[in-house]
Structure formats: C-alpha cells, structure tokens
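Reminder, nothing fancy here: chain letters follow the sequence lines and each chain counts from 1.
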Amino acid sequence: MNERRKPYPFDHLELKWQAVWDETRAFHAPNPGEPGFDPAKPKFYVLDMFPYPSGAGLHVGHPEGYTATDIIARYKRLNGFNVLHPMGWDAFGLPAEQYAIKTGQHPAITTRENIAKFKTQLKRIGFSYDWEREINTTDPAYYKWTQWIFLQIYNSWFNPGTKKAEPISTYRGADPDSVRLAYVAEVPVNWCPELGTVLANEEVIDGKSEVGGFAVVRRPMRQWMLRITAFAERLADELEDLDWPHGIKLLQRNWIGRSEGAEIEFAVAAVYDRRPEGPPQDPAVRDRRYSIRVFTTRHDTIYGANYMVLAPEHPLVDELTSPERKEEVARYRAEVAAKSDLERTDLAKEKTGVFIGAHAINPVNQEKIPIWIADYVLMGYGTGAVMGVPGHDERDLEFARKFNLEVLPVVQAPGKTAGESIGFVEDGVAINSPIINGLATPEAKKKILGWLEEQGVGRSNVRYKLRDWLFSRQRYWGEPFPVVWEDGKHRSLGEDDLPLEPPELEDFRPTGTGEPPLAKAKDWIRYSETATRETNTMPQWAGSCWYYLRFCDPVNANRFVGGDQERYWMGGAQAGGVDLYIGGVEHAVLHLLYARFWHKVLFDLGHVSKAEPFQRLVNQGMILGEDNRKMSKRWGNVIDPLDVIAIYGADAFRCYEMFMGPLEQMKPWSMKGVEGVARFLARVWRLMMEENQAGEWVLSAEVQESELKKSELKILHATIKKVTADIEALSFNTAIAQMMILVNALTNAPVKSIGALRTLLLLLNPFAPHIASELWQILGEKFSDSKGGIVAQQWPVHDERFLVEDEVEIVLQVNGKVRDRISVPIDATDADLEALSRANDKVQAAAAGKTIRKVVVVPKKLVNVVAT
RNA sequence: GCCGAUGUGGCGAAAUGGCAGACGCAACGGACUUAAAAUCCGUUGGGCUUAACGGCCCGUGCCGGUUCGAGUCCGGCCAUCGGCACCA
C-alpha cells in the first residue's frame, strides 16, 4: 500500500474524534420530555434516503448526499437548532433473498453482515448521525408497525364526498371489500417461466428479467392492490406548495398524468339485427340496451369519429361480438394475451385489430360506426374504449389507413386547408361539425360538451394515468400480510397479533408455480381449522414509506410514533415535515409518491399532523467513475470510500465530495482532485502546527494573540459571509473555494491570529469536523480558555463594517469594452466617475474621432461611455 | 415522438444583466535538496504584435434579437444526458 508519509496525522485524530463523539453522545437529539430537551430550540429535521445494505458496501456515490446533509446538520446545530439527523437500513429486498437461494444462508444473516459493513463505512466518514435512532426495516419491532399501517389502509376507504380516507366503518354500501384502500384483484403480473417466479416491474428491463435476462410474460394472478388512484388528484395538487426541484414535480405530475376531457356514451346498434336467426324470443335479451362509454380529451372532434375501438379485454366484447366474428375475435384476443408488454407497446409495429361485427351510433349524427378491438387501446386507462377519429389522432390515423377506413377532417388548423389539417392538430377551428362549425377548439369543446350533457350522453371527466399500486410479491424476504383467508374471503388480523413474523424456511426458492415461498411453511399457513394465512409478502417499498416517521420515536413499543414526538419533528408552525430531504433522482416517482400516499392516509385518519412528509427535497447528482462512466463492477471503476480515506482521510474525502461541483450535478470522480483538497487541509494543519526536532507536531510559534490587519479582517468576514450564505444555498463547492482563499491569505501572514484561526475552524467544522475539532482543542489547551469543544460553539456572524472599503476599483468601458481600471474613493459621485472617465487617456483614445452619446454609470462598479 | 436538464480553458468548475475563467487539478518555470518526494513562489483561454514594458483582436454549442452592456434575458436551431412512451 501507499507508504507515503501522511501530510498530517488524520488517521489518528479522525478515529479519536469519532470515538469522542460516540462516548459523549455528541449528536443525540433529545425528544420532547427527554433530559436535555430544550423547548426553546427550533427543530430541524434533515434526512437522507436510507440505503439498501447490499453486499458490495457503499461506493463514493452514496456519501455525496450524506455529506451534504451532515454539513447542514452540523451547521444547524451550531445555529441553535435541535437537529434530527438519523440513519437506518432499508433491508428487505431481493439481493439478500437471491443470495439465500444460492447459498442457503438465511437472508437475516446476510442482512446483518451487510449492515455491519455499511455502518463501519459511514462511521469512518464521521457523519453526525444520532445512532441511537438507528432503524432496520427487517426488525420485527419495526415491521410490526409497517404491518399496522397496512391494517389502517386495509380498514379504510376513500370517501369521494370528503376526498379523504375514512375508517371503513363509515362506509354505508353493501360490500366494504369493494372500496377498501387495500384490496385483492386478479391482475396481470410479470411472470418469468425460466426463473419460475413473478417479478416486480423494476426487475423487468426491456421485457426481460434483470437477473439472467430471461423472457417475462404477463399472466393474471391474484394480487393485493393499494388504491393510490383515489389520491391521484391530491397527490398532483398538493405538490404545488412543496419546495422540490421543478423537474421532480413535473416527473411526478406526468406519472400521475391528469387529463381533462369528457366521457361520452355511444349506444350500440341493436345487436340482434344482424343475427341470421333474427331477434331473440326472450324479451329480456331482445330489449337489452348496450352502450359503450369512451373517454376523450378531444370531444370537439366527435363528428370525425367513424369507428370505435375497444380494448381486447373489454368486458362487452363477448356480448357484442356477432356469431360469425366470434372465432376471429377469440383468436385475436388469445394472440394479444400471449404478448409480453414489450411486444404490445412496441411502437415500431403496425397497428392490429379485428372488427367484431357490431356497430355503435355516433350520438351527434346518428351514424352507425363499426366497433373494433385493437391492442393499441388499453383496458387500464380511461374506459378501455375510444372513439376513432382518424382525422386528428395519429394512432387512429395509422389504424384507419391500415384497415382502409375513411379519414374525415373536422378541425382546420390556422393557415392550412382542411386536407392539410389531417393528422394531429393542437388547436384550430371546427369544420364538418354542424353544431360547432366555425368555433375555435376550446369553445367547440365547451359547446359540444354542453350539447352532449343535454342529451344525457356525456359529461366532463378527469382521468389519470396513475394505476393502483400492485402491493404483493411472491417473495420470502418481506413483510408478511397480517391477513387470513376463510371461505374465500380475506379478513385482517388484530393489532395484538403483530408483528406477524415470517416462518423459518430452509428453502427460499420460488415454487415454480407462482405460489409464494411462504406456502411451503404448512404449519405457519394454518391459522385455524378453517382459515389460512396470506402467503404473499409486501414489496420492498413498504418499509421506506414511513421510516422518516419512525426516526422521530424509534423505540416506541406502543405506537408507530408517539404523538408528541411526531408533532414536534413533523409538525410545527412552519411548513413542517422533514425540513430537508436529500437523495437520488431514481426515487422521483416511486418511493416519493408511495410515501406521500401513505402519509396522506395516515393524515386523514388523524395519525400525523401534516398532509405532506417532505417539505424540501434536493436530488444529488450521480458520481461517475474517473472514466466518465457510471460506476459499476462491469467497468471496474467503482471506488470504495474506505480506500480513499486510507490515503487521504475522511475530512479530505468529505471535502472533495463537496468540492467536485454543484451538489445536484452529475460529475466524474478524480483521485487527483481528492489530493488537491487533502493539500488544502494539510495547509490548514500547517497554519497552526509545525514539526519539532523529534518529528512531533506542535503548535506553531506564529500562532499568537494579535490584532488583524484591515485586509485580513476583510477577507475573514467576507469568508464568514460567503460560507454561511453558500451553506444555506447548498452551494458547498464555492464555500470550500472561499475557505481556500482565506487559508491562502493566512498562510502568507507572518503571525497567525488566534481569533482568525478559531473562526476558520468553526467555518470548516461542518465540512472537515475531525481536523477542526482537533485544532480547536489544541488551541484551547494552549490558550487555556473555557470555551469547550467545537461542537458546543456558536456559528460565527460576519460584521458588514469590515467589508466596506475606502476605495473601489472602477471599470472604464467604451461601448461595452473594458479600456481601463481606476481606483476611486468609495464615496465618489456618479458625476465624479463620469468626469474621471471622460478625462481618462485610454477612454479618450478609444473614443477618438467619435461623439460621446451617453455615459452609463453603475455606482461602485463601472462607467460605460457610449460613443459613435 | 413528448417532457425535462445540461452545453464556459487540457480537466472539475466560478461568475445579483456590469472586469469571463474565482477555487482546484494537470502542465511548465523557479526556490529548497547531494537527489527525489513533500513544501513554498511564479506562469498558464486562443491569436496577432513588440527588443522589451506593453498594445490590439477573438473567445461561454450554433444563428438571430433585446440592451449602453448578454455566459446570464427572449426567439429559433444543434448536441449530450435523463424520464415517459399507443394514456385516447
């Protein structure tokens, strides 16, 4: 290994301070009612996205966000906040289970080992977590409450009147099971025949399994679903007031996918008319009226609707298909069912579909239009049926061309002929549409909708792309559902039955039939003579949906979080919730949407005090390898923080992570860059320390009580100001640059003022806490004061008086180009500046032969002479 | 295809509409050293010009606009990255 002498003894002092912090519980945040709790202090909750403890350990990407939050946490503490800064483990999940399948080692053991490794790494970086609040989603004392929250969801329904989740007991309908927020449905899942198991969507990449690359097909199975769609409107609307990156809000909004439009009923032309045997004799069948509802955002184009398409799975298909088309329809539906999602959504492929032998009536003109089924219409969105308007919808146009259906323009784009307006038209004027001819699109929509409403065949309607959340997995390593089945019906266990622990299994392998591995535990499954346990488990997202709440009160055995604790950390007069949440963009929609959903349910039921959990969100950018590629085993460019720390120390590691560039930006790693930052810290060290004859570091003789020169005072206070503002703005790279400027300036001074050094150490402390603590202590011992450790200090405040200057440099421009720079007294008037500028040699030279038209004076900055 | 982000030296980057390139890396030169490492000091966007001090021009992806003045604001392109993708 690297035998090079260390530029300062970081290894010794870093381990020393980490031990001190542990022993003194330096970063423990007291809860209301605990000793040491000061109600006068404002709270600050700064949260990291807790990691999945994989076997590979942390790489340098993880600690980027963690370092940022740690700087904020340390900074806020010195500013008098009671800071909640916790860490834990999102430890249920596939890799541990896959490892168990391969080796037979129980996932709990793998998980324990991985957590130990992660924790060692995090501690070596010197993060100021309150480790007394550490949580682990696989701990029964934790997932007891994950299961408890599931029961709250299970025992609730969404009241459309109040737009709130309410206890199921308030539901007045006949079948509560049909409205619960957790329900069972037969839905298509990703089935991988090769692996013999079901996969989550995240585990399927381009229609193949992430593990092994085997084909994945859709197959209907009984699944637990959470009714997140009921909250679509609130999840979209309530994003508004959150202090999140604009892009992330947009991503969530798009994911939720709100569309405003109309639902329109198309009557079905008498089905029996076309049957060879004539009208059925049974009056119940003969008189049956069918109608098909479509959803459209372009109701203004309804005159152009000359066919209709149902999703192949549409429930009316069986009843409407004419006998002579039955065979073909059945064949088409079978074909579609066999397709994977990939095949079905492959845009390059041609449109397919079959006519089902029935017709619908267009309500605006009473025309009989053919009904088709085609897989470009999805059962899961809208009503599963569309009116085909080939004139103004690209997909319909493609379909119409394939099957030679008529294409009729009904909207004319501005500046184009009717014929040219075929295709997708954003806005235009209605044509060939008697009721709305000549109206601009928005008015046409309004008028036709009014007309349809009058006829009783249409109403305005809002639809969302968001689907209900498929909440069950056929896995071992997850939270079991607190549910039992009896006589084909499910019912929940009581709170007293929690935690419901999974059975001990020797064999974690999938059964091959799609039945979950828990089904192998025959004794465990048997709940009573007549009832059996649910064998699915919850997905990995479950534990992370509420962990930020558990951090507020991590060991409470009686409640998922205590009321006082929740109100203190998550409530408050301000916006409330987590004050700062930093993590990767990869969670922009899933985790962040799921957690918001659970939080809203808990809020509606009165268990938490605010409707939103994360007030401010920041995404750190990905750290690439030195080769500018994503870090991965495949490229061999993964960097272990511990390897960096062994050479340069934790402080250098932390500072480099922040100095690389803006937090939110993607940027490549550079070992040379770490070295540069390490040199900076070594300079800080040598500002105060020198080696004696024996090779020991001792306080430098240059460190003395002394008055600062004016120029030194200025740079010191400019640094306090900039570092403070930059930390507030999470602009850590420029904060470090400013401290480098200060250190360079101090290095050149013959005498090092203790006051200036102390201030520097306070500013540096959030970034490089070990070296700052050590040097602070050394100064304290030498100049025996009673200030205490650096963690007990106040953040410095700059004094604007030291920043004002007697003289300022003024830039002289002619026509916007710099011609000279002059130094003038700070109180020079605009007239003075103009006169000086006009008299300046270089200005005159540049303006020679021209007439001065105008002189722009920017006080204390520049003068621009406009000459032509 | 749609949505979003980003384009500045050899590299990471900095710049409330007002001196483009702070700070750092790399490179080069010097000091120290028997020597090297470490450290310290200096130079470093490009071009032209001058014996030299210096002087001049160009330069923030491309084209245009607004402005006394644009990396920054507006319009239109191009490229890279990310997300969504038959959502009616």
Kindly indicate, with the supporting measurements, whether the criterion salt bridge (charged side-chain N to carboxylate O under 4.0 Å, His left out) is fulfilled by Arg654(A) and Glu64(A). CA-CA 8 Å; Arg654(A) 296 166 57 110; Glu64(A) 186 190 15; over 6 Å; no
Using the salt bridge (charged side-chain N to carboxylate O under 4.0 Å, His left out) rule, take Arg333(A) and Glu313(A) through it: C-alpha gap first, then chi angles, then the decisive distance, then the call. CA-CA 7 Å; Arg333(A) 294 175 95 183; Glu313(A) 307 88 343; over 6 Å; no
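Under the 3.5 Å distance criterion, with hydrogens and angles disregarded, a donor-acceptor pair is assigned to the side chains of Asp832(A) and Thr829(A).
At whole-Å resolution of the value, NZ in Lys861(A) and C1' in rG18(B) are 7 Å apart. Distance CD1 (Ile741(A)) to C1' (rA13(B)): 13 Å, rounded to an integer number of Å. One atom, CE of Met308(A), and another, P of rA88(B), lie 17 Å apart when rounded to the nearest Å. Distance Ile736(A) CD1 to rC25(B) C1': 15 Å, rounded to the nearest Å. Counting to the nearest Å, the P atom of rC86(B) and the CD atom of Glu313(A) are 14 Å from each other.
Look at the P atom in both rC40(B) and rC78(B): the space between them is 50 Å, to the nearest Å. Taking atom P in both rC58(B) and rC63(B), one finds a spacing of 15 Å when rounded to whole Å.
Against the 90° criterion about 0, the sugar-base torsion of rG9(B) places it in the syn range.
A residue-by-residue look at Val589(A) and Thr383(A) shows that Val589(A) has its nearest nucleotide of RNA chain B further toward the 5' end. Across the interface with RNA chain B, nearest-nucleotide mapping of Gly661(A) and Val865(A) shows Gly661(A) to be the residue nearer the 5′ end.
Below 30°, between 30° and 60°, or above 60°: for Phe403(A) and Trp372(A) the angle between ring planes is between 30° and 60°, a tilted geometry. Taking the six-membered ring where tryptophan is involved, the planes of Phe732(A) and Phe767(A) are perpendicular, since the angle between them exceeds 60° and thus also 30°.
The base of rC86(B) lies close enough to the side chain of Lys351(A) for a donor and an acceptor atom to sit less than 3.5 Å apart. Judged by atom type and distance alone, Gln738(A) does not reach the base of rC23(B) through any side-chain donor-acceptor pair under 3.5 Å.
With a 3.5 Å ceiling on both atom-pair distances, the Watson-Crick or G-U wobble partner of rU43(B) is rA27(B).
Across all strands, Lys249(A) comes closer than 4.0 Å to no nucleic acid atom at all (heavy-atom distances). Across all strands shown, Asp396(A) has no heavy atoms under 4.0 Å from either base or sugar-phosphate atoms. Met739(A) comes within 4.0 angstrom of nothing in the nucleic acid, heavy atoms only. Within 4.0 Å of Arg679(A), counting heavy atoms only, lie sugar-phosphate atoms of the nucleic acid but no base atom. As judged by a 4.0 angstrom heavy-atom cut-off over every strand, Arg463(A) is placed among residues making no nucleic acid contact.
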